[in-house]
Amino acid sequence: MASKSIHQAVHGYRDGHRLLSSSTPLGSDAARAMLILSDMSGPSMQPGFGEYLTGYPLPGTDFFVFAKTWYAPEMQRPGCVWTHSLLVPRAQVASVRAAQLMGRFRRPQVDGVDATATSPVDIDEEAPVGGTGDGFADEGLAATMIGAVLGQSRPVLVVADTAAQFEAVFLRLWEELWPAERMRFSFCTGALMPRANAGTLLDLQAVPRAIPPSQFRKSASAALVLDLRTSGKPEGWVDLVLDGAVRGDATFRSWLEAAAGADAGRGVVPSLAPLFGTWHAPGSSARSALASVVDAKDLDPGVRSRLIGMVFDRANTESGTAGRRELIQDLCGPQDNDLAPIATMLKDQTLRLFEDSRAEGVALVLSLLGGELTEVGERMLRAAVLLLKPSDLESFGDAHAPYLPTIVGANHDLASSPMLWSRVGSRSGEVLSQLGGMNLKDEERAAIVDALLSSGCDVSVDALIRFGGKTAVFRALSAITSEQIQLSWPWRSALGSQRDTVLEWLESLSSPSIRDLELGSRFLSPRTTQSRLATVWKAGTASTGVIVSRVAAFGLALAFWEGNHESPLFAVCFQPTYDAAGNSRLEYDEWEWLREYAPPLSYWRDWDRCERLARAMACLLEKQSASLETVFAIVHSRQAIRKVAAILDDDRDTRPYLRSLRKAVDSSSIGTREQRDALLDNW
């Protein structure tokens with residue numbers, strides 16, 4: 001059989017009132033409090049008060065003292081008493097019954113008193129509990145006592161004829177308190193004069209009727225004096241408490257403890273009992289309970305917050321996350337009471353809603369958008385918006401599109417998703433302008449630009465570049481080369497004014513592709529920043545097999561600018577450019593890059609671009625005495641080689657160089673058979 005072990009102590013007279021026996025040592029403050037409260041409760045004993053009970057929290061400990069005091073007429077000195085005290089640990093206060101404690105009291109005797117309380121006493125939890133009388137049998141008396149003690153926070157003095165007169169109702173009232181308050185509550189069934197613990201009057205005391213009120217009013221002027229012979233009709237909430245207690249139903253006690261919290265005193269009961277009635281009324285729901293809590297006047301903010309939390313738990317039981325979402329909606333709408341003190345709790349509920357069901361979280365946002373909201377409601381909407389993820393935007397319809405700029409203003413992370421831009425429609429400029437005013441990091445702006453470009457949203461190119469700056473230009477150029485977006489006229493116009501940034505983009509690529517170079521050539525000129533462009537073109541054409549004529553012409557212009565036949569750009573760019581010129585595929589601007597390096601042979605032959613290119617190449621090769629290997633590395637085709645040879649042969653100053661090349665062909669195996677034959681043709 002399970003049992004509880006409880007320490008005990010005995011006080012009595014021995015050269016003064018003192019501790020005579022104890023099963024546990026106590027600190028000085030606790031020992032002093034027990035010494036005072038175990039002594040006779042007044043200056044002289046009154047008939048009918050020879051025995052009484054005292055209960056109080058022991059200062060500086062986790063004990064609640066449940067004590068019985070007996071007058072000790074056998075002692076030679078008048079006014080002596082015996083007191084047997086049981087020290088109930090805090091953890092056991094909630095479950096121990098008063099009858100169990102009453103059954104362990106023993107009146108001390110002079111003989112053997114020192115050994116009376118040296119060991120703890122055991123209380124069998126499953127043993128039958130002896131009666132102390134049904135303290136609430138007289139419901140009128142019980143109602144009056146409940147109304148007086150729980151209806152306000154002042155100490156209560158009850159006028160009694162004997163200490164036993166109200167003992168049962170005192171004990172039953174103590175048992176009906178919730179655990180935290182039971183541990184704090186102090187009482188005495190026979191206070192010969194008003195008693196105090198640590199300087200504070202006990203909560204409930206029975207004082208002898210024989211003592212004139214004037215004697216104790218001086219020491220207890222702040223107390224409520226209750227004469228039960230003239231009790232009035234109790235308030236309605238008292239019946240609610242009493243009915244549950246009479247039925248032995250602990251629902252109210254448990255509910256009250258959860259609602260009031262550990263720190264709330266007994267004075268909260270009148271404000272909470274009606275809410276309990278509404279809570280358990282037939283047909284009640286979480287929403288009706290919420291309305292009663294919100295509308296309750298003069299409710300402590302902490303209590304209101306706990307009650308609303310309990311309502312949310314109830315809603316979850318009744319209808320799951322949808323019910324909790326409805327409660328948040330209700331709380332965000334117009335209210336008579338200021339809900340600012342519970343804003344943090346509501347924010348936590350919003351977070352929990354999203355964690356449990358994103359669908360309900362998004363539904364909350366959609367329901368609050370455009371609604372009439374209080375300041376707390378606006379805060380909750382903002383908190384909910386911050387919890388949105390890009391995938392949540394799939395639930396947004398056309399009716400919600402006008403709110404997207406505001407939503408993005410609160411949660412700019414959404415702008416890094418193409419989903420947002422596919423939803424904003426014509427408001428993309430408004431959203432982009434709002435984002436532009438924010439202090440975003442470069443990587444955040446880059447993510448937004450990427451999302452916008454991939455979404456296909458029709459946004460102003462100039463607005464996008466104003467927002468993203470160099471990042472937007474870089475991302476757009478990459479998107480064009482990957483064919484994610486088209487090189488439309490707006491992009492041509494905007495990028496045309498961003499030449500320096502276009503060059504920076506090319507330089508940022510470790511190995512630009514031919515497509516990258518071709519796009520860059522649309523906005524750059526080989527007549528400026530040639531050294532930087534030459535570096536880029538060499539990197540981009542170093543390992544390519546096929547090169548388009550535009551890139552080749554651009555690179556050839558850079559090679560001629562360098563003026564060094566060993567430039568790798570000659571080897572890569574001359575032949576494709578020559579071939580394009582021969583097939584009339586060189587565009588006007590491509591030829592414009594080259595014409596200054598390839599002057600006409602005479603005014604009537606300036607139309608032959610191949611001849612002009614071959615002459616420019618031949619002159620450079622001859623001037624720098626390029627080797628046969630270099631010549632064949634630059635000039636590949638039979639037609640081009642024959643054209644270069646003819647130009648060299650046409651001028652007596654360059655013929656010696658041509659002869660040296662032809663001799664080199666005879667004495668080596670450099671070049672292909674076709675190249676060698678072309679160089680030796682007509683020799």
Side-chain angles (χ1 to χ4, degrees), residues 477 480-481 487 499 502-503 505-507 509 511-600 607-621 624 626 629-644 647 671-672 674-675 678:
L477 289 166
I480 292 170
T481 58
L487 183 57
R499 292 183 177 85
V502 173
L503 178 54
W505 169 69
L506 287 172
E507 290 176 324
L509 304 174
S511 181
S513 68
I514 296 301
R515 181 76 176 105
D516 296 331
L517 297 178
E518 194 275 335
L519 180 61
S521 71
R522 299 290 176 183
F523 310 106
L524 302 174
S525 169
R527 296 173 180 172
T528 59
T529 60
Q530 290 97 332
S531 61
R532 294 169 63 187
L533 285 169
T535 301
V536 169
W537 244 254
K538 290 173 184 177
T541 59
S543 59
T544 185
V546 179
I547 184 169
V548 297
S549 61
R550 185 175 186 83
V551 174
F554 199 103
L556 184 59
L558 293 172
F560 276 126
W561 171 80
E562 286 184 312
N564 185 349
H565 70 279
E566 294 182 348
S567 170
L569 291 176
F570 276 126
V572 174
C573 299
F574 175 78
Q575 189 65 56
T577 306
Y578 183 89
D579 293 341
N583 296 325
S584 300
R585 288 187 288 105
L586 273 185
E587 296 181 8
Y588 175 79
D589 60 334
E590 296 169 7
W591 176 246
E592 283 296 307
W593 298 332
L594 294 165
R595 61 184 301 173
E596 66 177 289
Y597 299 111
W607 53 270
D608 191 339
R609 295 177 178 178
C610 285
E611 186 174 45
R612 292 173 64 172
L613 289 173
R615 183 174 184 276
M617 193 72 256
C619 292
L620 180 66
L621 294 172
Q624 297 183 7
E629 184 178 10
T630 300
V631 171
F632 284 166
I634 296 173
V635 188
H636 304 161
S637 70
R638 181 183 183 87
Q639 295 83 355
I641 293 175
R642 292 183 65 185
K643 181 72 72 172
V644 169
I647 291 172
T672 66
E674 185 179 22
Q675 287 178 314

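This structure is a prediction, so every number in the text was calculated from the model and none was measured. Index from 1, following the sequence.
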(request) State plainly whether the residues R609 and E590 are in salt-bridge range, i.e. N to O under 4.0 Å. (result) no

(request) Can you see which heavy atom on I547 is nearest to which on P576, and at what distance? (result) CG2-CG, 3.3 Å

(request) Check whether more than 12 heavy atoms from other residues, nucleotides or ligands sit under 6.0 Å from atom CZ of R522, and answer yes or no. (result) yes

(request) Measure across S521 and F554 and return the closest heavy-atom pair with its distance rounded to 0.1 Å. (result) CB-CD1, 3.7 Å

(request) Give a yes or no on whether a salt bridge exists between R550 and D589, defined as a side-chain N under 4.0 angstrom from a carboxylate O. (result) yes

(message) Against S637, only a single residue in Q575, Q675, R642, E674 fulfils side-chain hydrogen bond (donor to acceptor under 3.5 Å, both in side chains); can you say which?
(response) Q575

(message) If you compare all heavy atoms of W591 against all heavy atoms of A598, which two are closest, and at what distance to 0.1 Å?
(response) CH2-CB, 4.4 Å

(request) Answer whether the closest heavy-atom distance between the side chains of F632 and I641 falls below 4.5 Å. (result) yes

(request) Could you tell me the separation between the CG atom of N564 and the CZ atom of F570, rounded to the nearest 0.5 Å? (result) 8.0 Å

(message) For a 4.5 angstrom cut-off between non-hydrogen side-chain atoms, does L620 reach M617?
(response) yes

(request) Test side-chain contact (heavy atoms from CB on, under 4.5 Å) on K538 and S567 and set out the steps. (result) CA-CA 9 Å; K538 290 173 184 177; S567 170; 4.0 Å; yes

(message) What I'd like to find out is whether the side chain of D516 reaches to under 4.5 Å of the side chain of W505, using heavy atoms alone.
(response) yes

(message) Does either side chain, that of T630 or that of E566, offer a donor lying less than 3.5 Å from an acceptor on the other one?
(response) no

(request) State whether R615 and E611 are salt-bridged, where the test is any N-O pair (Lys NZ or Arg NE/NH1/NH2 against Asp/Glu carboxylate O) under 4.0 Å. (result) no

(request) Taking all non-hydrogen atoms of both residues into account, name the closest pair between V536 and L517 and its distance. (result) CG1-CD2, 3.8 Å

(request) Give the minimum heavy-atom separation between L613 and F574, together with the two atoms involved. (result) O-CE1, 3.7 Å

(message) So K643 and I647, do their side chains get closer than 4.5 Å, heavy atoms only?
(response) yes

(request) To the nearest 0.5 angstrom, please state how far the CD1 atom of I514 sits from the OG1 atom of T481. (result) 12.5 Å

(message) Please check this pair: side chain of W537 against backbone of L556, looking for a donor-acceptor N/O pair closer than 3.5 Å.
(response) no

(message) Rounded at 0.5 Å granularity, tell me how far CG in L477 sits from CZ in F523.
(response) 6.5 Å

(message) For L524, is there any backbone N or O sitting under 3.5 Å from a side-chain donor or acceptor partner on R499?
(response) no

(message) I want to check something: taking the side chain as every heavy atom from C-beta on, are V644 and V631 in contact at a cut-off of under 4.5 Å?
(response) no

(request) Nearest 0.5 Å please: distance from the OH atom of Y597 over to the CG atom of L558. (result) 7.5 Å

(request) Compare every heavy atom of R612 with every heavy atom of P599, then report the nearest pair and how far apart it is. (result) C-NE, 3.6 Å

(request) Can you measure from CD (E507) to CG (L533) and round to the nearest 0.5 angstrom? (result) 7.5 Å

(request) Give a yes or no on whether E592 atom CD has more than 12 heavy-atom contacts from other residues, nucleotides or ligands under 6.0 Å away. (result) yes

(message) I want to check something: taking the side chain as every heavy atom from C-beta on, are V548 and R515 in contact at a cut-off of under 4.5 Å?
(response) no

(request) Please answer whether the main-chain N or O of L621 pairs with a side-chain N or O of Q624 as donor and acceptor at a distance below 3.5 Å. (result) no

